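Below is one structure, written out as structure tokens; comments come after it.
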Amino acid sequence: MEMAAVTPSQCPCNFLVEPTMPITVQFKRGKISGSISNLPAFPGASSGFRTLRCSPHHSPSLVDNGENCHKASKKENVSRELLHSTSWDVPCAVLPVGTVSGVPKVNAELTGLLEAIGHCTDIKQLKQIHAHMLRTSLFFDPFATSKLITASALSLFSSLSYAHKVFKQIQHPNLYTWNTLIRAYASSSDPTQSLLIFLEMLYSCPEFPNKFSYPFVIKAASVLKALKFGRVLHGMAIKASLGSDLFILNSLVHFYGSCKDLDLAHRVFTKIQRKDVVSWNSLINAFTQGGSPEGALHLFKEMEVNNVKPNNITMVGVLSACTKMLDLEFGSWICSYIKRNDLSVDLTLNNAMLDMYIKCGRIEDAKKIFNEMPEKDIVSWTTMIDGYAKLGSYDQARLVFCAMPHQETAAWNALISAYEQNGKPKEALSLFHELQHSTIAKPNEVTLVCALSACAQLGAMDLGGWIHVYTKKHGIKLNCHLTTSLIDMYAKCGDLDKALEVFYSVEQKDVYVWSAMIAGLAMHGCGRAALDLFSRMLEDDVIPNGVTFTNVLCACSHAGLVNEGKYIFNQMESLYGVVPGVKHYACMVDILGRAGLLDEAVALIEKMPILPSASVWGALLGACRLHGSVELAEQACNSLLELDPGNHGAYVLLSNMYAKAGKWDSVSHLRKLMRDSGLKKEPGCSLIEVKGIVYDFFVGDNSHPFSQKIYSKLDEILVRLKSIGYEPNKSQVLQLVEEDDLMEHALNLHSEKLAIAFGLISIEASQPIRIVKNLRVCGDCHSVAKLISGLYDREILLRDRYRFHHFRGGKCSCMDYW
DNA sequence: ATAGGGTTAG
């Protein structure tokens, strides 16, 4: 092959030409940018680029015309910046013009070069070869450049941005080269690039995508859950007569599974002529991940019937299904099946078995596997840590943590999240502080999400705010998880404005972000605003899920919006396909019950297609208290205690109702019952954060260093309140059982009162006093807080178990409706 | 010359 020397004008990238000898490698910082919308129509498309969208003509025949197609997620939006700028240096311009006028001995050199590429062990060596190729015109050999791309995109030392820049230097990349880049990006951190490069290839590569191109690009679509895009790919593959390629079909099964479209996944699967083990694995995993583990197990059995031999990957999927169903029996059977059939057990499979035993409560079996594992990775360790933590064996969890060879961030996260999720937020935060002193690990997004959640539980807004600042300072972009946690933290700490500020400051809002904001508004009693936000969310084409509806209904309940609640509840399934769960029913019972529609609430419970949970009966019980229906309360209480015998609150509520009705016999009977059952109540506890430290107060607490001052402040308060006509709410004395069994007369010792008194002496008057209480606020404390807010002109934010009470100027945001 | 399927934590 004749090859001319490259002159500047021919150089594909218009790089500077350096005319000096010996050869020096110049680096140029390049920024590649552009947008997919700049791409002209690709050849063969009748109406340009638009046909790439989900149009009936390009849709696979088995798919209907898009009615079932879910709204596109933002990730599918390919019209965004084509490529990130990168900081990789690419050799260029190494042609000493005029000195390499002769044609290099391409063939001889080529062989050596290809070998050299194969022997590269780092990017530096590769760059040297790259430079050499540019110098000798070998860069014009398609085979050689392909190898170069492969090495830079897929080897151990690979750098995708480097590969991409090399790619840009190639004048006519061949299909193989395109495929390589698409493949590399599919499993990178930025799979959107795969889709973009695929589109670019359609336009600028003379060859059509082949049977290799599709699996790569479909994989990228799977990661992105780009349902529309993937459907178009499916259609294109069929048009290209590749519709029966096993690899492509398997990719598609996996793809539809990733998009949670089990129906389509299954339909593609049934069209596969000769299903192999990968086909089955893809579908089994689609069912496992897509919320139908039962289906996955069924498929596994069917697979056996069809004489397809399962492999280790099958077992991972099936075990994962058992784990999701907490089916220990089947899970153990699988473990023995693996042994019996001598399947190869690798790290992932061991981890899957580990996880199954742990989730099914068999820590000893898990431990045995763990100890015998020849190789452990971060997943193995964190699974064990989490297992112990979930059992409350924190010492064991810590022991495993300490035994780890590297305490990477993920390990810290396992421990922190375990504490945070098991009601130990203080411990979680103290670990978070410990982590900040670690030299090995640094907090990452996950850590911050856990820490924020712990802050939210404690009402620790100073620390929560500090974490917010931390993200800004360290340039940590707010992903949806972080945004959700921040909104939740600010809302639960009582700063609704800050929560809204975060909400409006971010561009990316997924359904969880919206739902968190709706929940925030709901807990602050802004029911209307929550509903408005819900409408805006729908206008924004965000599809609501079960969480969203729980929050929306909760908003209705706190604001007494009965008709709105009913309306939305009725639309859930019919319009949005969200089957009402037990939480939604509980909300509805609450909405109806509060409004006094007790009969309607009972009727709803009676026609529930699922078993009512304790929370449903609890809601009814609460409504009975509000409306003084003792008989119904007895029924509700019985049903509740059947499901949740340790529910102290139910006894208290009923006993208070008996007391109010003067049924003292029943009161003492109930109390005896409680004593006999050895029921321990959750002690009332109020938290208050002062200067970054969270203080907790229990009833009659005098452990605080300023205890003396707090009690004298409390005395002062009560004197002042009485002077303006306050009388302790005697009826609330009856509720003392909820606060403390022994000190019936000690209304004044309620933890929230202590916390308020402490707040008054230790927090500047300009700042609100924020308190978090673990139980529902009692009526007397509620009136006292109202009075204090007026008398002392202080803002008090009290979060109780159910909602926020925002006291200001003698009034409460709940309008005494809680 | 190239391919498809897997585990944990938010």
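Below, read A as the first sequence line, B as the second, and so on, with proteins coming before strands; counting in each chain starts at 1. All values reported here derive from a predicted model rather than from experimental measurement.
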Practice item. Would you say whether A/F212 stacks on B/dA3? The test is a distance between ring centres of less than 5.5 Å and an angle between planes of less than 30°. Key: no
What does [X] touch in the nucleic acid at a heavy-atom separation under 4.0 angstrom: a base, only the sugar-phosphate, or nothing?
X: A/S146; result: base
X: A/Y214; result: nothing
X: A/I248; result: nothing
X: A/V449; result: sugar-phosphate
X: A/N444; result: nothing
X: A/T180; result: nothing

Check your understanding: Ring centroid separation for A/F300 and A/W280, is it under 6.0 angstrom?
Key -> no
Point to revise | A/Y162 ring center within less than 6.0 Å of A/H130 ring center | key: yes
Name each donor-acceptor pair under 3.5 Å that joins a side chain in residues 362-370 of chain A to protein atoms two or more places apart or in another chain, with its distance.
unit_1: A/R362; atom_1: NE; unit_2: A/D365; atom_2: OD2; d: 3.0
unit_1: A/R362; atom_1: NH2; unit_2: A/D365; atom_2: OD2; d: 3.4

Rounded distance (Å) that lies between atom [atom2] of [N] and atom [atom1] of [X]:
X: A/E408; N: B/dT8; atom1: CD; atom2: C1'; answer: 13 Å
X: A/F216; N: B/dA1; atom1: CZ; atom2: C1'; answer: 11 Å
X: A/H481; N: B/dA9; atom1: NE2; atom2: P; answer: 12 Å
X: A/L154; N: B/dT2; atom1: CG; atom2: C1'; answer: 9 Å
X: A/I218; N: B/dG5; atom1: CD1; atom2: C1'; answer: 14 Å
X: A/Q421; N: B/dA9; atom1: CD; atom2: P; answer: 9 Å
X: A/I338; N: B/dT7; atom1: CD1; atom2: P; answer: 14 Å
X: A/D377; N: B/dG6; atom1: CG; atom2: C1'; answer: 12 Å

In terms of side-chain heavy atoms of [X], which of [options] is nearest?
X: A/N312; options: B/dG10, B/dG6, B/dA3; value: B/dG6
X: A/F143; options: B/dT8, B/dA1, B/dG10; value: B/dA1
X: A/N179; options: B/dG6, B/dA9, B/dT2; value: B/dT2
X: A/V277; options: B/dT8, B/dG5, B/dA9; value: B/dG5
X: A/D245; options: B/dA3, B/dT7, B/dT8; value: B/dA3
X: A/Y176; options: B/dA1, B/dG10, B/dA3; value: B/dA1

Exercise for review: Record whether the side chain of A/N311 comes under 3.5 Å of the base of B/dG5 through a donor-acceptor pair of N or O atoms.
Suggested key: yes
Point to revise | Donor-acceptor pair under 3.5 Å, A/T382 side chain vs B/dT8 base | key: yes
Revision key, fill the gap. Within residues 349-362 of chain A, the residues having a heavy atom closer than 4.0 Å to DNA chain B are A/L349, A/N351, A/D355, A/K359
Exercise for review: Using heavy atoms and a sub-4.0 Å distance, could you list which residues of residues 279-301 of chain A are near DNA chain B? By number, please.
Suggested key: A/N281, A/S282, A/N285, A/Q289
Check your understanding: Does A/E372 CD have over 12 foreign heavy atoms under 6.0 Å away?
Key -> yes
Just to verify, what does [X] make a side chain to side chain donor-acceptor pair (under 3.5 Å) with, not counting sequence neighbours?
X: A/N210; answer: A/N179, A/S213
X: A/T447; answer: A/N413, A/N444
X: A/T548; answer: A/S515, A/N545
X: A/H468; answer: A/Y490

Determine all donor-acceptor pairs shorter than 3.5 Å in which one atom belongs to a side chain in residues 328-339 of chain A; sequence neighbours excluded.
unit_1: A/S332; atom_1: OG; unit_2: A/L328; atom_2: O; d: 2.6
unit_1: A/S336; atom_1: OG; unit_2: A/W333; atom_2: O; d: 2.8
unit_1: A/Y337; atom_1: OH; unit_2: A/E304; atom_2: OE2; d: 3.1

Point to revise | Set of side-chain contact (heavy atoms from CB on, under 4.5 Å) partners for A/D488, sequence neighbours left out | key: A/A456, A/K492
Practice item. Test salt bridge (Lys or Arg N to Asp or Glu O under 4.0 Å) on A/K275 and A/E302 and set out the steps. Key: CA-CA 12 Å; A/K275 302 172 185 58; A/E302 211 178 301; over 6 Å; no
